[in-house]
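The basis for the numbers below is simple: all heavy atoms, side chains too, and nothing from hydrogens, waters or symmetry mates. Counting starts at 1 for both ligands and their atoms, in listed order.
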Amino acid sequence: MHRRRFCVANWKMNFNSSDTKSFLENWGKKDLNNKEVKTIFCPSFTELNTTAELLHNSDSELGAQNVYYESNGAYTGEISCRMLKDLGCNWVIIGHSERRAIFGETDEMVCHKLDKLTSENMYPIVCIGETKDERENGKTEEVLSRQLLVAFENQKGKNIEHTVIAYEPVWAIGTGITATIDMISEAHQCIRNIFNTNGFNGNEISILYGGSVTNENAAELSNITDVDGFLVGGASLDVEKFYAIYNQL
Ligand code: PEP
């Protein structure tokens with residue numbers, strides 16, 4: 001898989017079963033002719049099954065918002081790769097800033113999750129991004145570099161072409177404040193450079209932007225050279241807004 005365009009919906013802890021059905025039934029009626037864009041829906045664990053059924057025979061794919069890195073055992077409340085694969089779920093978001101900030105997910109845990117997903121031939125969407133303080137103190141590059149190099153420590157020499165990166169500045173997530181075009185462009189180039197100077201081919205990796213993407217700013221953001229698509233939270237809960245974003249990719 002070479003670089004391609006993605007439109008990923010992160011529904012977070014929102015939709016129940018009737019919300020999921022109503023959204024995806026509407027989605028199914030849309031003219032989804034933009035074959036260049038891969039659309040992935042990431043519902044809560046409880047809605048994976050319903051989502052899988054509703055996406056059956058469609059070009060959209062199923063993703064999870066998290067996974068645990070052990071195969072099985074006494075890990076109350078966790079979900080394994082095998083369980084996800086059983087449902088036809090191959091994509092998994094890891095290292096989301098909400099997982100990092102609220103649930104204590106560390107760079108090392110992201111590394112274990114990435115190792116597990118790649119060993120299971122699944123497709124990770126690895127989220128990275130700086131906080132407001134880190135940006136204001138000129139640490140953005142250092143943070144992105146640390147997050148990536150720890151996460152990818154065991155991937156050197158391996159094929160990581162199915163791995164997608166989502167650059168999500170923490171201060172832009174769910175705040176209505178979108179990073180500027182220059183900030184996004186610089187960060188995406190910086191991410192490609194980090195890969196290129198550490199034994200990976202950064203030019204082949206798809207890098208998504210996430211952080212208050214809406215139907216109103218998607219056109220402008222999708223024109224940034226190094227942006228290969230979006231990871232969308234809030235606006236992915238509204239079928240019309242998400243469809244408008246998809247259409248602008
Ligand atoms: C996200 O949760 O990954 C995200 C980008 O959220 P929002 O689009 O609401 O900022």
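Considering all non-hydrogen atoms of both residues, P169 and Y209 come closest at CD-CE1, 3.6 Å. Nearest heavy-atom pair, V67 versus C81, reported as atom, atom and distance to 0.1 Å: CG2-N, 3.7 Å.
Residues with a heavy atom under 4.0 Å from ligand 1: N10, K12, H96, E168, A172, I173, G174, G210, G211, S212, L231, V232, G233, G234.
By the 6.0 Å contact criterion, NZ on K241 is open, its count of non-hydrogen atoms from other residues, nucleotides or ligands being 12 or less.
The aromatic ring centres of F15 and F41 sit 6.0 Å or more apart.
A distance of 9.0 Å separates CG in L114 from NZ in K158, rounded to the nearest 0.5 Å.
With no hydrogens or angles considered, a side-chain donor-acceptor pair links K113 and N66 at under 3.5 Å.
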